[in-house]
> 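Following this message is one structure expressed as structure tokens.
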Amino acid sequence: MKSLKKENKLIIKDTGFNKKKAYTTLYTLVRQLQNKKEQYRIDVLKDITEENINELSQLEQQLKSLKQENKNTIIVDIGDLDTG
């Protein structure tokens, strides 16, 4: 808030009767900024979570396809082969 005042983006006039109103306005502004910051964090976490879910889904599909390929593979013990 100090930086907003320095940049003249926030002007508070606290003269007499309006002093209580000015502080109430300031309090409301601070709460709104905090809420926006919290919502931004939540949105970022949602995006990260969705990306991770998509990556996990792709990995699961790749594992399933590898398992299908391995079903058709015959594993032979070298000792069982008749070489001749």
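Given the structure is predicted, the values throughout are model-derived calculations rather than measurements. Throughout, numbering of the chain's residues begins at 1 and tracks the sequence.
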> Can you sort out the partners of Thr28 under side chain to side chain contact (heavy atoms under 4.5 Å, CB included), two or more places apart, ordered by chain and number?
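Thr24, Gln32.
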> Pairs in or reaching into residues 42-60: which pass side chain to side chain donor-acceptor pair (under 3.5 Å), with residues at least two apart or in two chains?
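Pairs touching residues 42-60 that pass the test: Gln39-Asp43.
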> Could you list the cluster mates of Ile53? Members are the ILVMFWY residues connected by side-chain heavy atoms closer than 4.5 Å, either directly or through other members.
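Cluster partners of Ile53: none, it stands alone.
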> List, by chain and number, the other hydrophobic cluster members for Leu66, where Ile, Leu, Val, Met, Phe, Trp and Tyr join if side-chain heavy atoms come within less than 4.5 Å, directly or indirectly.
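Other cluster members: none.
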> Got a sec, which residues hit side chain to side chain contact (heavy atoms under 4.5 Å, CB included) with Asn35, two or more places apart in sequence or on another chain?
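Side chain to side chain contact (heavy atoms under 4.5 Å, CB included) list for Asn35, sorted by chain: Arg31, Glu38.
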> Other than Ile42, what residues sit in its cluster of Ile, Leu, Val, Met, Phe, Trp and Tyr side chains whose heavy atoms are under 4.5 Å apart, directly or through others?
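Traced through the cluster, Ile42 reaches no other member.
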> Does Tyr40 belong to the same Ile/Leu/Val/Met/Phe/Trp/Tyr cluster as Ile48, with side-chain heavy atoms less than 4.5 Å apart forming each link?
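They do share one cluster, since a chain of ILVMFWY contacts under 4.5 Å joins Tyr40 to Ile48.
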